[in-house]
Structure formats: C-alpha cells, structure tokens
Protein chains: 2
Amino acid sequence: MADSSSSRWNMLKSACPTREILDRIADKWTMLVILSLGEETLRFTQLRARIEGVSQKMLTQTLRGMESDGLILRTVYPTVPVTVEYSLTPLGHSLARTVDVVREWAYGHIGEILLARQEYNDRETPRVGIG
Amino acid sequence: MADSSSSRWNMLKSACPTREILDRIADKWTMLVILSLGEETLRFTQLRARIEGVSQKMLTQTLRGMESDGLILRTVYPTVPVTVEYSLTPLGHSLARTVDVVREWAYGHIGEILLARQEYNDRETPRVGIG
DNA sequence: CTGAATCCGAATCGATACTG
DNA sequence: CAGTATCGATTCGGATTCAG
C-alpha cells in the first residue's frame, strides 16, 4: 500500500505542486469518472457500465485516488448486499465543470483531428511497389 | 509501426469518437507540451528542458502523436546541425486555451487537494499496536 | 542538435479466484 | 453488490548507442 515513492521528481514535485495535480487528473479513467459522476450519483456497477472498457481493478484504483484527493464521496449503505454510492464533492463538481470544457472541445474537433490523422498517415505511406 | 489496433474497443471507439480523442489528450506529456507550446514556439531541447522529467523517447513519441493529430507543426530548418522548431497549429492553440483552464483549476485548488489527501491518510492509519 | 533503435527493468493492467 | 489479492502478460519508459 502507498507506493507513491516515484523515485525521483519528488524534489520537482514539491517545487511545482501544480504538476502533481495535473499528473493526477490528466488521466484517462479519472476524467471519465469525473464526467460520469458530473451527471449523477452512481453505484459501482453503474459506473463501470458507463465507462465501458475499464476493468474492475482500474475503476477501484481510480476511485480510491479520487476519494483521497477529495474529489468524490463514497457512501456505504449497510444493506444486504451492500450498496455503495459514488458522488462528486463540491471540489469534484468544480473540476467536472472544467473537464467538461475539454470534453466539449474534443467533441467539437473530432472531425479536424481524424482528418489530420488521415493526412498524416497518407504522407507516411511512402509509395510501396514500383516507386 | 502503426500499432493502433487496440484489440477490442474498436467498435466502442468508432461509436463514441470523443472517447478516443479524450484518451489521447488526457495524457500527462501531451498536456504539458500543449501548455509549453501555448506560450511560445520551442525547439526540441528547449521543450525537453521545460518539461523536466520527460525522456527524449517519450517527448519524441508524444510529439509524433500530436503532429499526427494536427495539434503541432514541426518545422525543420536545414542548418548544420539541423534545427527543429515545434509550434502549435490553430487547432493546437484552441486546445491550449482549453487545457489552460484545467491548469488554472489545478493551481487554484492545490491546497484543498493536498489537505484532503492528508486527512485521508490520517483516516487510513488505523491505530497499530494495542487496538 | 534532433532523433531513431535496441535493450531491459518497472509499472500497468486484465483475468481469475475469493470474501463479506 | 462491491470489492481484495494474486499472477501473468503487456506496455511503459529510461539508459544507452548510433546516425544524419
């Protein structure tokens, strides 16, 4: 447990704390969890269904990290079987609004990016065959 | 070369292209490059110096991906030795403005996050010893 | 200076089995 | 349902070496 000893960069990180935060939220699953919970409170399984592609392990891991950063709230209801709800804290909500800007940017520029990608690949294909 | 065959999720990705874009920019180095180039055009070595902690390999890799997505422009000047400048395309600049919002959020909430992290760790320490 | 290529240990991640 | 624990496969990423 607690393997946050990333060998070096500790000095760098403490000198520039923004970097550490950025490293944390510039994460695929974190962003997707933030976006999902930004819409509504969800249970573990629901969350996992929303973020198709995430494994149980990764989701758990991501949720723990986010909880420790005060971004989400984990509420356990002592039912049988147990019910666990995840929701955003006020801090998490403010991040959600921010990340949503990124999401909207992505949505608005898919075309451009896919086109650029295609052109890049065409350029790369060097002319096989007769030359 | 070109190993973009991520086995599964291809169906998912084509059904939800935003996800693919998000996966790409929700990346530590990509964000830092965007932020760095958002301020000014930089050469390879300058860029590497700005983003302390990135290896030559990762930086090259990140830059290639961003170039293929049409986010940055790579300009080679045939000097001796060769000079290569990286700058943002208009698309890259628009992303830079977006990512900057995230950076500002991070900067403005470092305190809250670090505090939450500390509280979380205190809660976790269970009381070793006598119980 | 810029970068490609290789080697190789470290970290990530998924699948599986098991618990309360 | 909501996890924890473990293991093997894959990927990541740094150090090094070499080239234009």
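To find a chain, count down the sequence lines: A is the first, B the second, and so on, and within it residues start at 1. Values reported hereafter were calculated over all heavy atoms of this structure, with side chains retained and with hydrogens, waters and symmetry mates removed.
A distance of 8.0 Å separates CD1 of A:I72 from CD1 of A:I34, quoted to the nearest 0.5 Å. The OG atom of B:S55 sits 7.5 Å away from atom CH2 of B:W29, with the distance rounded to the nearest 0.5 Å.
Not counting sequence neighbours, A:R48 has no partner by the salt bridge (charged side-chain N to carboxylate O under 4.0 Å, His left out) test. The side-chain contact (heavy atoms from CB on, under 4.5 Å) check on B:A116 picks up nothing, with sequence neighbours excluded. Under the side-chain contact (heavy atoms from CB on, under 4.5 Å) criterion, B:V80 pairs with no residue, sequence neighbours left out. Residues passing the side-chain hydrogen bond (donor to acceptor under 3.5 Å, both in side chains) test with A:T30, sequence neighbours excluded: A:D27. Every residue was checked against the side-chain hydrogen bond (donor to acceptor under 3.5 Å, both in side chains) condition with B:T75, not counting sequence neighbours, and none meets it.
Summarising the geometry, the separation between CE on A:M58 and P on D:dT10 is reported as 17 Å, rounded to the nearest angstrom. Here the P atom of nucleotide C:dT12 and the CD atom of A:Q61 are 7 Å apart, to the nearest Å. Atoms NZ (A:K28) and P (D:dT11) sit 12 Å apart, rounded to a whole Å. For the pair B:D27 CG and D:dC12 C1', the interatomic distance rounds to 11 Å; values are reported in whole Å. Look at CD1 on A:I72: it is 14 Å from C1' on D:dA2, rounded to the nearest Å. Counting to the nearest Å, the C1' atom of C:dT12 and the NZ atom of A:K57 are 7 Å from each other. Note: CD (B:E52) to C1' (D:dG13) measures 18 Å, nearest angstrom. Following rounding to the nearest Å, A:L42 (CG) and D:dA2 (C1') show an atom-to-atom distance of 15 Å.
The overall bend of the helix from C:dC1-D:dG20 to C:dG20-D:dC1, read as the angle between its terminal helix axes built from five base pairs each, is 40° when rounded to 10 degrees.
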Taking only N/O atoms, report every protein-nucleotides 1-3 of chain C pair under 3.5 Å with atom names and distance.
{"from": "C:dC1", "atom 1": "O3'", "to": "B:R43", "atom 2": "NH2", "distance (Å)": "3.0"}
{"from": "C:dT2", "atom 1": "OP1", "to": "B:R43", "atom 2": "NE", "distance (Å)": "3.0"}
{"from": "C:dT2", "atom 1": "OP1", "to": "B:R43", "atom 2": "NH2", "distance (Å)": "3.3"}
{"from": "C:dT2", "atom 1": "OP2", "to": "B:T45", "atom 2": "N", "distance (Å)": "2.9"}
{"from": "C:dT2", "atom 1": "OP2", "to": "B:T45", "atom 2": "OG1", "distance (Å)": "2.0"}
{"from": "C:dG3", "atom 1": "OP1", "to": "B:R74", "atom 2": "NE", "distance (Å)": "2.7"}
{"from": "C:dG3", "atom 1": "OP1", "to": "B:R74", "atom 2": "NH2", "distance (Å)": "2.6"}
{"from": "C:dG3", "atom 1": "OP1", "to": "B:Y86", "atom 2": "OH", "distance (Å)": "2.7"}
{"from": "C:dG3", "atom 1": "OP2", "to": "B:Y86", "atom 2": "OH", "distance (Å)": "2.7"}

With a cut-off of 3.5 Å and sequence neighbours excluded, list every side-chain donor-acceptor pair involving residues 91-101 of chain A.
{"from": "A:S94", "atom 1": "OG", "to": "A:L91", "atom 2": "O", "distance (Å)": "2.9"}
{"from": "A:S94", "atom 1": "OG", "to": "B:W105", "atom 2": "NE1", "distance (Å)": "2.7"}
{"from": "A:T98", "atom 1": "OG1", "to": "A:S94", "atom 2": "O", "distance (Å)": "3.2"}
{"from": "A:D100", "atom 1": "OD1", "to": "A:R103", "atom 2": "NE", "distance (Å)": "3.2"}
{"from": "A:D100", "atom 1": "OD1", "to": "A:R103", "atom 2": "NH2", "distance (Å)": "2.6"}

Show the atom names and distances, to 0.1 Å, of all donor-acceptor pairs under 3.5 Å that link a side chain in residues 59-66 of chain B to residues at least two apart or in another chain.
{"from": "B:T60", "atom 1": "OG1", "to": "B:Q56", "atom 2": "O", "distance (Å)": "2.9"}
{"from": "B:T60", "atom 1": "OG1", "to": "B:Q56", "atom 2": "NE2", "distance (Å)": "3.2"}
{"from": "B:T62", "atom 1": "OG1", "to": "B:M58", "atom 2": "O", "distance (Å)": "2.7"}

